[in-house]
Amino acid sequence: MTGPVPSGKAWTWLWIYLVGHAVSTTGFWTHTTAFAWLVLTLSGDGRAIGAAIALQFLPALLLGPAAGLLADRLPKRRVLMAAQVAGAVCTGSLGWATATGNASLPLAFCLAFVFGCVTAVENPARMSLVPELADEEKLPRSYSLNALAFNSARVIGPALAGALIAASGETTGCFAVAAGTRLFMAVALRAITLVEVSSGRADSQPGEIRAGVRYAWRTPAIRWPLVSMAVISVLAYQHQVLLPLLAQRTFDGDAATLGMMTAAMGLGAIAGGLVGTRVLRTGRRAIAVRAVFMGLALALCAAAPTLPLAVAALAVLGAMTTVLATTAMSTIQAASEPGMRGRVAALWFVVMLGSAPIGGPIMGVLAELADPRWGFGLGAAAVLLVGVVGIATSRPGGNGRRNEK
């Protein structure tokens, strides 16, 4: 373990990392959205989208705790660099297949699983690296900026994918851009070698994974965000499944319609992210209040009778999705001890990404049997329930720490 990073340089290297992180994560969600559209084009079946997305995120569910332990043991920067290169190869391979006309459902499913394994290893190291690049006094803002980068990209990436698909009529460009963002992140990480970054290795002992799970469960400031976001993620964060179906079937649209919808969510996410980093409250009550607002936004999406109203509702949903996830992520990061950050980060990604193998098929089947609007309605009910329970079980003044910049 090395000494702390000098104050001035720490902020510089943190910003280098955050820019690379924002670009790379945007590419990840660009890939995911283009992948869903490709599967829909190849199969014409909403259930196939659910199955494909489930395969992509299944490794996060299966490998998440072990990947978190890896992040606690090994130098996080090196783990991230290797993951960026591997992810670029997977995404580039899918782009090559679509460009040459060799794309097929079996190939897409296979590459989705491999890509998911890379993501499962990458994300805990990515999230737990931030505290090693920031001074103690700047950690709250660093947490907020990191969460903003991740959660805004979750909505901006699909918007970019929709625009690229609408412009070209195919997904090849999306995969090329996504591969490029991975390489951009690798270069950014390489720049951070100009300073020594502590690896924060955990001692190698039996039961370390179980210890991480027990620690998270016994820490209320971590347990509540994880449990609440698990429910929300399964039933309300499956936009990559619902939006292509909403565009194509509910509103009889095409790739341009999908681009309009995802762009609206992207703009909303940017607005919500900017607000979230300036005034950020953490804690149970803050998460619960934001869940109520997100639930109302989902209800608006479910009830919107026309495309313009649906686009407006999606913009509101994009903002509230980002604000809620940023609040929950910041709460967890601030409450985690240094030796547990990798494992706690892994549990966060098990919740946020590992929910897709469960929620994706549910939403795919629901949209196939009824209407994509029903998916948004089910999500609204789940998020509102979490919000109401959270408010009822929190103290009136228990808003947690407030971070204003």
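All values derive from a computational prediction rather than experimental measurement. Below, each value reflects all heavy atoms present in this structure, side chains not excepted, and no hydrogens, waters or symmetry copies.
A 4.5 Å side-chain heavy-atom check between Trp374 and Leu378 finds every atom pair outside the cut-off. Counting heavy atoms from C-beta on, the side chains of Val344 and Thr219 never come closer than 4.5 Å. The side-chain heavy atoms of Leu38 and Leu94, taken from C-beta on, include a pair separated by under 4.5 Å. Between Trp96 and Thr172 the shortest side-chain heavy-atom distance does not fall below 4.5 Å. With a 4.5 Å cut-off on side-chain heavy atoms, Thr98 and Glu170 do not count as touching. Between Leu246 and Met261 there is a side-chain heavy-atom pair separated by less than 4.5 Å. Two residues are said to be in side-chain contact when any heavy atoms from C-beta on lie closer than 4.5 Å; Leu40 and Leu245 meet this criterion.
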Let's go through Thr393 and Arg284 carefully: what are the C-alpha distance in whole Å and the side-chain angles of both, what is the deciding distance for side-chain hydrogen bond (donor to acceptor under 3.5 Å, both in side chains) to 0.1 Å, and is it a yes or a no? CA-CA 9 Å; Thr393 57; Arg284 174 180 298 206; 3.0 Å; yes

If you apply the rule side chain to side chain contact (heavy atoms under 4.5 Å, CB included), what do you find for Val289 with Phe293, and how did you get there? CA-CA 7 Å; Val289 170; Phe293 282 108; 3.8 Å; yes

Could you walk me through whether Met185 and Val23 satisfy the side chain to side chain contact (heavy atoms under 4.5 Å, CB included) test, starting with their C-alpha distance in whole Å, then the side-chain angles of each, then the deciding distance to 0.1 Å, before giving a yes or no? CA-CA 7 Å; Met185 179 60 170; Val23 171; over 6 Å; no

Applying side chain to side chain contact (heavy atoms under 4.5 Å, CB included) to Phe184 and Val19, what does each step give before you reach the verdict? CA-CA 10 Å; Phe184 181 91; Val19 171; 4.1 Å; yes

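Note that CG of Leu317 is 10.5 Å distant from CG of Leu324, once rounded to the nearest 0.5 Å. Note that CG of Leu267 and CG of Leu314 are 11.5 Å apart. Values are rounded to the nearest 0.5 Å. Within the model, atoms CZ of Phe376 and CD of Gln238 stand 11.0 Å from one another, a figure rounded to the nearest 0.5 Å. Considering CG of Leu183 and CE of Met81, their distance stands at 11.0 Å, rounded to 0.5 Å. Distance check, rounded to the nearest 0.5 Å: OG1 of Thr322 to CE of Met294 gives 9.5 Å. The line from CD1 of Ile165 to SG of Cys174 is 4.5 Å long, rounded to the nearest 0.5 Å.
You'll find the ring centres of Phe115 and Phe28 inside the 6.0 Å limit.
Nearest heavy-atom pair across Ala328 and Met229 is CB-CG, 3.7 Å. When all heavy atoms of Val39 and Ala52 are compared, the closest pair comes out as CG2-CB, 3.8 Å. Shortest non-hydrogen contact noted between Val118 and Gly87 is CG1-N, 3.9 Å. Taking each heavy atom of Ala382 and Val231 in turn, the nearest pair found is CB-CG1, 4.3 Å. Val234 approaches Met363 most closely through the heavy-atom pair O-CE, 4.5 Å. Pairing each heavy atom of Val383 with each of Ala291, the nearest pair is CG1-O, 2.9 Å.
Listed for the Tyr237 side chain is a donor-acceptor partner under 3.5 Å among the backbone atoms of Thr321. In terms of modelled atom types and a separation under 3.5 Å, the side chain of Thr30 and the main chain of Gly157 share a donor-acceptor contact. Proximity of a side-chain donor or acceptor of Arg290 to a complementary backbone N or O of Arg285 within less than 3.5 Å is not detected.
By the side chain to side chain contact (heavy atoms under 4.5 Å, CB included) test, Val114 is found to be paired with Cys90, residues two or more places apart in sequence or in another chain being considered. Arg249 meets the salt bridge (Lys or Arg N to Asp or Glu O under 4.0 Å) test with Glu368; sequence neighbours excluded.
Judged purely by distance below 3.5 Å, without hydrogens or angles, the side chains of Ser24 and Thr181 never pair a donor atom with an acceptor atom.
Note on residues 225-234: no pairs pass side-chain hydrogen bond (donor to acceptor under 3.5 Å, both in side chains), not counting sequence neighbours.
Counting non-hydrogen atoms of neighbouring residues, nucleotides and ligands closer than 6.0 angstrom, the CG atom of Asn102 exceeds 12 such neighbours.
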